[in-house]
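This is a predicted model, so every value here is computed, not measured.
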Amino acid sequence: MLMTACAPEPEPEPLQLSISEAGGAYLDAVCPVNDSWDELDLAVDQVRLALDAGEVSPAAEAALSEALDDLGSASIGAARELEDPDQVWPAGSARLVAQVAESLRVDGAEAARALKLTPEKAAKLSWPDVAESAETAAAARAALGLPADSAAACAERPRPEPTPAEETTKPGEGAKP
């Protein structure tokens, strides 16, 4: 019996993203986070209104918890996407994208921490380094040739066609992207 040693498959080279590909990859990662922030803003507003009225309803508390959980998951997921070792960001954007990924990790950790607070305390929570994070994200979008306004950038991005399961899922049901 002849035994031959097989060399392991070489690791594939990371994909060098073009500016266009990088812009799309960036938006695919961060736009769901932006959507999660919008949901959190609504949930916080509901809790604040309920506090003004005297009592936070279980529904408002549940919406806040869900929004914080979604934000945490979306932020950590986006950070992982931006840090994917199988892709190389264009030279002028790599440092900025890495900073955005770090900011997303901080947001994910902060959301997890906020989940442990009472709704009253969570609604009053001040997120760290908001202005700095916004500046870094704006600089990353500029380096990737994207619109300065994050909402406009996300609105203009091409969206994948929904899967058959997504087409039959009602709003509020099923997993979020």
List the atom pairs, with distances to 0.1 Å, where a side-chain N or O of residues 116-128 and a protein N or O form a donor-acceptor pair under 3.5 Å, not counting sequence neighbours.
residue	atom	partner	partner atom	Å
T118	OG1	E120	OE1	3.4
T118	OG1	K121	N	3.2

Q: Take S150 and R141, measure what side-chain contact (heavy atoms from CB on, under 4.5 Å) needs, and give me the verdict at the end.
A: CA-CA 8 Å; S150 62; R141 285 191 304 276; 3.6 Å; yes
Least distance between heavy atoms, [X] atom then [Y] atom:
X: L40; Y: L64; value: CD1-CD1, 3.7 Å
X: A78; Y: V33; value: CB-CG2, 3.6 Å
X: C154; Y: N34; value: SG-ND2, 3.4 Å
X: V100; Y: A137; value: CG2-CA, 3.9 Å
X: Q87; Y: E81; value: NE2-O, 2.9 Å
X: L27; Y: L146; value: CD1-CD2, 3.7 Å

Nearest-0.5 Å distance that lies between atom [atom1] in [X] and atom [atom2] in [Y]:
X: L71; Y: D35; atom1: CG; atom2: CG; value: 11.0 Å
X: E83; Y: R80; atom1: CD; atom2: CZ; value: 9.0 Å
X: D69; Y: E39; atom1: CG; atom2: CD; value: 13.0 Å
X: L144; Y: E21; atom1: CG; atom2: CD; value: 12.0 Å

Using distance only, find each side-chain donor-acceptor pair of residues 88-98 under 3.5 Å and give its atom names and separation, not counting sequence neighbours.
residue	atom	partner	partner atom	Å
W89	NE1	L82	O	2.9
S93	OG	P90	O	2.9

**Q.** Cluster check L115, L104: I/L/V/M/F/W/Y, side chain < 4.5 angstrom
**A.** yes
(Q) Grouping I, L, V, M, F, W and Y whenever their side-chain heavy atoms are under 4.5 Å apart, do L49 and L42 come out in a common cluster? (A) no
Q.
Would L51 and V56 count as a side-chain contact (heavy atoms from CB on, under 4.5 Å) here? Give the steps.
A. CA-CA 6 Å; L51 287 170; V56 178; 3.5 Å; yes
Q.
Is there a side-chain contact between E66 and E61 in this structure, where contact means two heavy atoms from C-beta onward sitting under 4.5 Å apart?
A. no
(Q) Would you say that V106 contacts D129 through its side chain, given a criterion of any heavy-atom pair below 4.5 Å between the two side chains? (A) no
Q. With the threshold set at 4.0 Å, does a side-chain nitrogen-carboxylate oxygen contact exist between R113 and E110?
A. yes
Q.
Has S103 got a side-chain atom pairing as donor or acceptor with Q99's backbone, closer than 3.5 angstrom?
A. no
